[in-house]
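Contents: one structure, followed by commentary.
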Protein chains: 2
Amino acid sequence: MVQYSDSHLDASFAALSDATRRAVLVQLGRSDASITDLAGKFHMTLTGMKKHVGVLERAALVTTEKSGRVRTCRLAMHALEEEAAWIERHRQLWSARFDELDNIVEHLKNKEKADARRKRR
Amino acid sequence: MVQYSDSHLDASFAALSDATRRAVLVQLGRSDASITDLAGKFHMTLTGMKKHVGVLERAALVTTEKSGRVRTCRLAMHALEEEAAWIERHRQLWSARFDELDNIVEHLKNKEKADARRKRR
């Protein structure tokens, strides 16, 4: 059972709300990279990229490790599991509710058609 | 095929980054509600709740309709579909990558054990 922590979800959805940070996650999903690599790839200053990586790290989506002068960024294990679980759980409930509404609408439409036929007779 | 729009995902993930807004979505998943109902349920001022609903509405997660003096809030159809698709797509890729790493680690461990056995002989 996945435990939702409000503050964790706050931090990770906020981290996901930026297109560059999402692209950094996608990139790290392909291979680990240093902050310098990432800054180069995204045409960004080192300082700018450090900020984005910091946001992703605080949201537990990325881990970093310093070796000498290079800080290597990795996708965190189990990244996005809680976020996916939260979204999926509610989508399923909602989709059940929309199906129910569809059924009611269908039922009302059929009833209307039957009434119209009855009147025509 | 789901189309990801960067600005749509920016807005919706930002909308999801607040525990109250997530709770409002869950509540609207159960039943439609007026802003006054929601403000009461979440012990919040009308102005505060209006702001939250505004953020959800701009992110296309909620629709509202005014009838007389009452504004009714509804969960938007297809809410969270793009967000779920984005997360699922990348989780699958990453999980495949982590499985690959697991296999390599397993392979190295087995090799180490075999080497140790060979030395002991």
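Note on naming: letters A, B, ... go to the chains in the order of the sequence lines (proteins, then strands), and numbering restarts at 1 for each one.
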CD-CD distance between A:E88 and B:E83, expressed to the nearest 0.5 angstrom: 11.5 Å
Does anything in residues 30-45 of chain B get under 4.5 Å of chain A by heavy atoms, and if so which residues? B:R30, B:S31, B:D32
Taking C-beta and beyond as the side chain, do A:W86 and B:L80 meet within less than 4.5 Å on heavy atoms? yes
What one should report as the nearest heavy-atom pair of B:A79 and A:R91 is O-CG, 4.1 Å
Residue by residue, which of residues 11-19 of chain B have a heavy atom closer than 4.5 Å to a heavy atom belonging to chain A? B:F13, B:A14, B:L16, B:S17, B:D18, B:A19
Which of residues 48-69 of chain B get closer than 4.5 angstrom to chain A, counting heavy atoms alone? none
Please output the residues of residues 21-28 of chain B in contact with chain A, using a heavy-atom cutoff of under 4.5 Å, in numerical order. B:R22, B:L25, B:V26, B:L28
